[in-house]
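Here is the structure we will look at.
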There are 2 protein chains.
Amino acid sequence: MSAKPIKLTTDRKSVLDILKSSDSPKGAYDILDELKKVKSNAVPMTVYRALDYLTEHGLVHKVENLNAYILCNHPEHHHICQIIICEACNKATESCDKELASLVQKKAEDAGFKISKAILEITATCEECLANDKGNAAL
Amino acid sequence: MSAKPIKLTTDRKSVLDILKSSDSPKGAYDILDELKKVKSNAVPMTVYRALDYLTEHGLVHKVENLNAYILCNHPEHHHICQIIICEACNKATESCDKELASLVQKKAEDAGFKISKAILEITATCEECLANDKGNAAL
DNA sequence: TATAAAATTGTTATAACATCACGTTTTTGG
DNA sequence: CCAAAAACGTGATGTTATAACAATTTTATA
């Protein structure tokens with residue numbers, strides 16, 4: 001019944017673990033550097049192949065804005081997700097707001113388009129960093 | 001009174017004209033190839049500098065998804081814009097739906113974020129291409 | 001208008017991100 | 001077991017973007 005026989009090979013598992021250990025997006029070559037610690041012969045293709053698989057299967061998102069990758073919070077459902085990145089602390093938060101997703105879907109349909117993929121990436125400052133900024137306002 | 005003294009130098013004007021002549025996003029190096037026709041000593045920096053200026057001033061959008069650039073339809077107002085790209089014909093359509101923009105704004109605020117930039121990029125198939133596909137459905 | 005500061009451009013090199021191509025090995029299903 | 005498919009190894013290369021610094025042009029204003 002399971003429609004998703006996801007096969008996690010050693011490389012894919014390693015890359016996934018590297019992404020799990022971070023709450024900010026990581027570039028492919030940063031991932032490569034980490035991967036080399038457990039697999040000394042890793043090369044860019046090793047990472048890109050794993051990332052391709054993981055993104056195709058919804059376990060990882062690419063942040064196009066940054067050419068970087070983050071773990072998906074809820075790989076079980078596939079809707080239009082939103083990623084918000086704090087430009088001060090680089091922390092990325094994924095949300096999957098249904099109201100927003102369905103509005104996007106609706107607008108695209110109304111315009112006659114059939115969506116295959118949609119990304120919403122927000123660059124912003126998070127609450128915590130905003131508070132910190134207030135403290136340093138004298139600057 | 002005008003808050004926007006946009007200075008279009010020769011290079012910027014040339015790059016803008018190149019983008020005006022296309023309804024699909026163009027990569028920086030494609031732009032460079034065209035720019036060389038009118039400025040033989042153009043190099044990547046020439047294009048990137050012009051693109052940086054034009055995007056900062058809202059005359060051009062970068063399509064992060066494609067690492068490509070398109071003309072902005074309505075440089076006069078600055079909200080959160082949406083770009084929808086047909087993956088069949090590559091034509092890009094920009095919209096600036098206020099309902100969508102304000103919902104994004106609201107969701108981000110509710111989550112405690114102060115937006116500095118938001119991009120919504122949709123990869124889809126346009127009405128026309130969908131119709132064509134139906135015709136070739138036998139494939 | 002002299003002139004200093006700011007903005008823009010010229011130029012070379014290099015960084016950062018990603019894929020191609022092709023051969024080998026491993027996994028999978030009949 | 002065997003053939004086909006999937007994954008991996010490996011080296012080269014392609015694509016996108018920026019760093020760094022010098023030279024020139026523009027702008028504001030004294």
Side-chain angles (χ1 to χ4, degrees), chain A residues 2-19 22 24-36 38-57 59-70 85 87 90 117 119 121 123, chain B residues 2 4-19 22 24-36 38-57 59-70 85 90 117 119 121 123:
Chain A
S2 127
K4 281 202 240 165
I6 290 180
K7 194 161 84 180
L8 285 187
T9 62
T10 309
D11 287 353
R12 289 169 192 164
K13 186 71 170 48
S14 300
V15 169
L16 200 57
D17 286 344
I18 288 167
L19 290 175
S22 170
S24 45
K26 277 187 140 58
Y29 282 73
D30 292 336
I31 294 168
L32 176 57
D33 288 343
E34 286 205 43
L35 183 59
K36 277 179 172 163
V38 297
K39 177 170 181 150
S40 58
N41 65 331
V43 294
M45 268 316 295
T46 317
V47 171
Y48 281 108
R49 277 171 178 157
L51 288 172
D52 283 352
Y53 184 91
L54 296 170
T55 52
E56 273 166 18
H57 291 76
L59 300 173
V60 163
H61 292 298
K62 178 173 185 185
V63 182
E64 299 285 353
N65 214 10
L66 302 174
N67 296 314
Y69 304 82
I70 55 166
I85 307 138
E87 55 192 340
N90 291 314
K117 174 186 169 189
I119 59 173
E121 294 178 5
T123 305
Chain B
S2 125
K4 281 200 240 165
I6 289 180
K7 194 160 85 182
L8 285 187
T9 62
T10 309
D11 287 353
R12 289 169 192 164
K13 185 68 170 50
S14 300
V15 168
L16 200 58
D17 286 343
I18 288 166
L19 290 175
S22 170
S24 45
K26 278 187 138 58
Y29 282 76
D30 293 335
I31 294 169
L32 177 57
D33 287 343
E34 286 205 42
L35 183 60
K36 277 179 172 163
V38 297
K39 176 170 180 151
S40 58
N41 64 331
V43 294
M45 271 313 299
T46 316
V47 172
Y48 280 107
R49 278 170 177 158
L51 288 172
D52 283 352
Y53 184 91
L54 296 170
T55 52
E56 273 166 17
H57 290 78
L59 300 173
V60 163
H61 292 297
K62 179 175 184 184
V63 182
E64 299 285 352
N65 213 10
L66 303 173
N67 296 315
Y69 304 82
I70 55 165
I85 306 137
N90 291 313
K117 175 185 170 190
I119 58 173
E121 294 178 5
T123 305

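Throughout, a chain's letter reflects where its sequence line sits, starting with A, and its residues are numbered from 1.
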Rounded to the nearest 0.5 Å, the OH atom of Tyr48(A) sits from the OH atom of Tyr29(A) at a distance of 5.0 Å

- Answer yes or no: is there a side-chain heavy-atom contact under 4.5 Å between Val38(B) and Asp17(B)? no

Scoring nucleotides 25-30 of chain C by protein non-hydrogen atoms under 4.0 Å (B base, S sugar-phosphate only, - none) yields --SS--

If you define the side chain from C-beta out and look only at heavy atoms, does anything of Leu19(A) sit under 4.5 Å from Leu51(A)? yes

Atom CG of Leu51(B) and atom P of dT8(C) are separated, to the nearest Å, by 15 Å

In short, the helix from dT1(C)-dA30(D) to dG30(C)-dC1(D) is bent end to end, axes from five pairs each side, to 10°, by 40°

DNA chain D nearest-nucleotide lookup for Lys39(A) and Lys62(B): closer to the 5′ end is Lys39(A)

When rounded to the nearest 0.5 Å, the distance separating CG of Asn67(B) from CG of Asn67(A) is 6.0 Å

The side-chain hydrogen bond (donor to acceptor under 3.5 Å, both in side chains) partners of Thr46(B) (sequence neighbours excluded) come to none

Taken in chain and number order and not counting sequence neighbours, the residues that satisfy salt bridge (charged side-chain N to carboxylate O under 4.0 Å, His left out) with Glu64(A) are Lys62(A), Lys117(A)

Taken to the nearest 0.5 Å, the spacing of Asp52(B) CG from Met45(B) CE works out to 7.0 Å

Chain A reaches DNA chain D, atoms under 4.0 Å from its heavy atoms, from dA6(D) to dG11(D)

To the nearest angstrom, the NZ-P distance between Lys26(A) and dA18(C) comes to 16 Å

Assign each of Tyr69(A) and Arg12(B) the nucleotide of DNA chain C bearing its closest heavy atom; nearer the 5' end lies the nucleotide of Arg12(B)

Taken to the nearest 0.5 Å, the spacing of Leu66(A) CG from Ile85(A) CD1 works out to 4.5 Å

Sorted by number, residues from residues 40-50 of chain B placing a heavy atom under 4.0 Å from DNA chain D are Met45(B), Tyr48(B), Arg49(B)

Only residue of Ile70(B), Ile119(B), Thr123(B) satisfying side-chain contact (heavy atoms from CB on, under 4.5 Å) with Val63(B) is Ile70(B)

- Task: For Tyr69(A) and Thr55(A), indicate whether the former's side chain and the latter's backbone hold a donor-acceptor pair under 3.5 Å.
- Result: no

Between Glu121(B) (side chain only) and Asn65(B) (backbone N and O only), is there a donor and an acceptor less than 3.5 Å apart?
yes

Note: for Asn67(B) and Tyr53(B) on DNA chain C, the residue whose nearest nucleotide lies more 5' is Tyr53(B)

Whole-Å distance, Leu8(B) CG to dT9(C) P, equals 11 Å

I want to check something: taking the side chain as every heavy atom from C-beta on, are Arg49(B) and Asp11(B) in contact at a cut-off of under 4.5 Å? no

(Q) I'd like to check Ile6(B) versus Tyr53(B) (side-chain heavy atoms, cut-off strictly below 4.5 Å). Are they in contact? (A) yes

